[in-house]
Amino acid sequence: MTENKEVPARTTGEEGKKSLNFIESIIEEDLKNNKNNGVVLTRFPPEPNGYLHIGHAKSICLNFGLAQRYNGKTNLRFDDTNPEKEEVEYVDSIMEDVRWLGFQWEGEPRYASDYFQQLYDWAVNIIKNGYAYVDDQPAELISQQRGTPTQAGIESPYRNRSVEENLDLFIRMKNGEFKEGEKVLRAKIGMTSPNMHMRDPIMYRILKREHHRTGNNWCIYPMYDFAHGQSDYIEGITHSVCTLEFEVHRPLYEWYLENVYTEGDIKPRQIEFARLNLSYTIMSKRKLLELVQKNIVNGWDDPRMPTISGLRRRGFTSASIRKFADTIGVAKRDNVIDVAVLEHSLREDLNQTAARVMAVLNPLKIVITNYPEDKDEWVKIENNPEDETMGTREMPFSREIYIEQDDFMEDAPKKFFRLSPGNEVRLKAAYIIKCEEVIKNTDGNITELRCTYDPDSRSGSGTEASQRKVKGTLHWVSAKHAIDVEVRLYDRLFNDEAPDGHKEKDYKEFINPESLKILKNCKVEPSLKDAQAESKYQFQRLGYFCVDKKDSKPGNLVFNRTVPLKDSWGKMNK
RNA sequence: UGUCCGAUGGUGUAAUUGGCAACACGUCUGAUUUUGGUUCAGAAGAGUCCAGGUUCGAGCCCUGGUCGGACAGCCA
C-alpha cells in the first residue's frame, strides 16, 4: 500500500495561513514555553475488547498526526486492566489496523498490564501515606453511599482503618485470600465532592480471571482511572488525548498523578476532544459486538461494518481514511459527520488510483447483425483517464456483447441518453450501434436486442464516423470472452440517520434489509481473470469495486462494491 | 437543586494581540467530456443561541439567561 505520511496542511483564507485545532494550539504553546523540553509523546490506548472502528481511526490519525507534526513519537498501549472482556484476537486486529492505516508506533507495543507491579507498589505507598483504604462492603452498598450528582455521598464505615490494617488487607487481597467482590481498595479523597468520580473512587477490585498476558499472576486489577494516568506517567506521555466523556475524570487523573509524581518527571496532561459520530451508522463497540454475535453481519470485518477491518474489506484505502480524518477536524462540540464526507474522500482517492475496467452487472445480450460471425477484434482502451502512466490495454470485441439492462429502455423519456429502439449509442472504445429490434420471450420480457453497427465508427480510427457525437456512451463486454463473477452490492447498514438516537426504538429496527444484494452471473472483461485479492477497480460507469479477500478464488471471483459512482441521472429520476 | 463541557449556513471545521464571517461536504445552475464519473465556471444558503454591557468597532471580552451533552460500573 501507499506510504503516505504527509498530512496536508490545513489552510484558511487566501494567504494560506495554517489554522490549528485546539490541541495543536496547546502543544504549540507548550513548545513555546519549552515545557517537557520540547518533547511531544502521544499515545493511542485502546482496550482490546473489540475491533477498531472509524471513530478510533480519528483518534489514531489525531495522536499519530500530532506526533508527526511536532517531531514527536506515539506509543501504542493496550489498556488491558479488565480480563473479563479482553482477548488476544483483539490485540492482533488492533495492531494490524493501526499499521494498515499507515502508522508506526514507537518501539514495542505497551500494555497497562506490564505496569501491574509498579501500580501495585504505588498503591501500597498511597496506603502508607494514608490516602487509600480497604472497603469490605458489597458493590451495591458502596454504590448507594456514593450519593447522586446532586447529593453528597456518605463515608464508608471502613474508611478510617489504620494504615497497618489497610496494608495487611491489601496484601492479602493480592494474595488471593478473599473472594471476588469481597473487598476493594479505595482512594481516600472525600465523599462530598460535586464530581462523582472524586468520591473515594475504587482503585483495585478482585477478579479471579485469567488475564491474556499476565495469566494468573494477579487476582487484583487496577481500575481505569488508577491505571491510565499512571501508565501515561510511566511512559512519559506529554499529551494524553482522549474523548470528552473522560473530562470529568480529569481531576482524578491529576489527583493520582500528584500521589505518585516525582519532581522533574514529565507530567502528562489530559486533553479531551469530541468523538466521531457518523450518520447512518453506529459507533458503539457494544452494539457492534451484538451485530457480530447475533450474526446480523458476517463478522467484525463484514464490509457493511464501520470497523477499520470492515472498511478495508469493503475496499476503502487507508489514504482516504486519513484524508477524511483531516477533513473533519477536531473540536470539543458534539458532532455528526455526514457519511457523504467519508465517501467523498474515498472517491477522490480511488478516482486517481483505480484502474478502469468493463463489467456488466445485469447483462442484456446484444447481437450485432451486420458484424461477421467469426470475427474477433481487439480494441485499445486507457486504464485510467486521470493518470496516463497507467497505460492502456486491449479488449476483445465480437458479434455478441452484453450491456447493462438499465442502459436500454423500450419507451425512453426524452432525457434518456442510452439505447432505445431506433437510436444510436457509442460502445465505449468500440463502435456506434443502433438498436433495430427488441426480442421478447412469451412473458413479454426483453431477452435480447438486435443491433447494427457502423463499421467506420471505431474509436480512435480517426474517420469522420469515429468522431460523430452520439448522446450516450455505454460500457459493454464481449459475450464469448466474458468471465462470470459474483458481485456483492453493499449499501448502508441502517436506513436511519441516527440509528441509536431514538429513545423508544432499538437501533436494530433500522437495519437496512437491502444492505447486501448478491448478483451471480455478472460479466466482466477477460483481463480480470487473474485479479488479485483486495485489488481495486472502477467498473466503468458503475462504481468502485474490489476483489473480496476472503471469498474470492481464482476461477470464482467475488467483487465487493466499495461505493457507486455519483449518479446525476439516478438522482434526477428520484 | 450539583459539577464539568459545549453552542458559527443543511453538515463539519476556520476566523491566533477585537477589524466588514472563510473553507470543505452537500444542494442548485451552466460548460467540457467516448464514464450522466472527473474537471471547470458560477449560485443559493449563516450575520455567529438569547438579552444586556464594554468599545469607534464584538463570533471573539464582561454579566445574566436559554438550550444541548457528559458524570451516580468493583467497564474503559
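Each chain gets a letter, A, B and so on, in the order its sequence line appears, and its residues count up from 1.
With hydrogens and angles ignored, a donor-acceptor pair closer than 3.5 Å exists between the side chain of A:Glu386 and the base of B:G37. With hydrogens and angles ignored, no donor-acceptor pair under 3.5 angstrom links the side chain of A:Arg347 to the base of B:G37. With hydrogens and angles ignored, a donor-acceptor pair under 3.5 angstrom links the side chain of A:Arg356 to the base of B:U35.
Close to B:U27, at under 4.0 Å from its OP1 or OP2, lies a side-chain N or O of A:Lys571. Between A:Arg426 and B:G36 there is no side-chain polar atom (N or O) within less than 4.0 angstrom of OP1 or OP2. Of the side-chain N and O atoms in A:Arg541, one or more sit less than 4.0 angstrom from OP1 or OP2 of B:G36.
B:G2 and B:C71 make up a base pair, with Watson-Crick or G-U wobble contacts both under 3.5 Å.
Counting non-hydrogen atoms of other residues, nucleotides and ligands closer than 6.0 Å to CD of A:Gln467 gives a total above 12.
Within the 4.0 angstrom heavy-atom criterion, only backbone atoms of the sugar-phosphate kind lie near A:Lys566; the bases stay farther away. Residue A:Thr81 is in sugar-phosphate contact alone, with no base atom involved, counting any heavy-atom pair closer than 4.0 Å across all strands shown. Across all strands, A:Glu382 comes closer than 4.0 Å to no nucleic acid atom at all (heavy-atom distances). No contact: A:Leu244 has no heavy atom under 4.0 Å from any strand.
Among the nucleotides B:A76, B:G26, B:A14, the one closest to the side chain of A:Arg333 is B:A14.
Between the P atoms of B:G69 and B:U11, the separation comes to 16 Å (whole Å).
Base orientation of B:G69: anti, since the glycosidic angle falls outside 90° of 0.
Between A:Phe44 and A:His56, the ring planes lie perpendicular to each other; the angle is over 60°, past the 30° to 60° tilted range. Relative orientation of the A:Tyr204 and A:Tyr120 rings is perpendicular, given thresholds of 30° and 60° on the angle between their planes.
Residue A:Trp569 and nucleotide B:G36 are classified as a stacked aromatic pair, their ring centres being separated by less than 5.5 Å at an interplanar angle below 30°.
Between A:Gln270 atom CD and B:C5 atom C1' there is a gap of 13 Å when expressed in whole angstrom units. Rounded to an integer number of Å, the gap from CZ of A:Phe545 to P of B:U35 is 18 Å.
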For residues 173-180 of chain A, please give each side-chain donor-acceptor pair under 3.5 Å, one per line with the distance, not counting sequence neighbours.
| residue | atom | partner | partner atom | Å |
| --- | --- | --- | --- | --- |
| A:Asn175 | ND2 | A:Ile171 | O | 3.4 |
| A:Glu177 | OE1 | A:Arg172 | NE | 2.7 |
| A:Glu180 | OE2 | A:Lys208 | N | 2.7 |

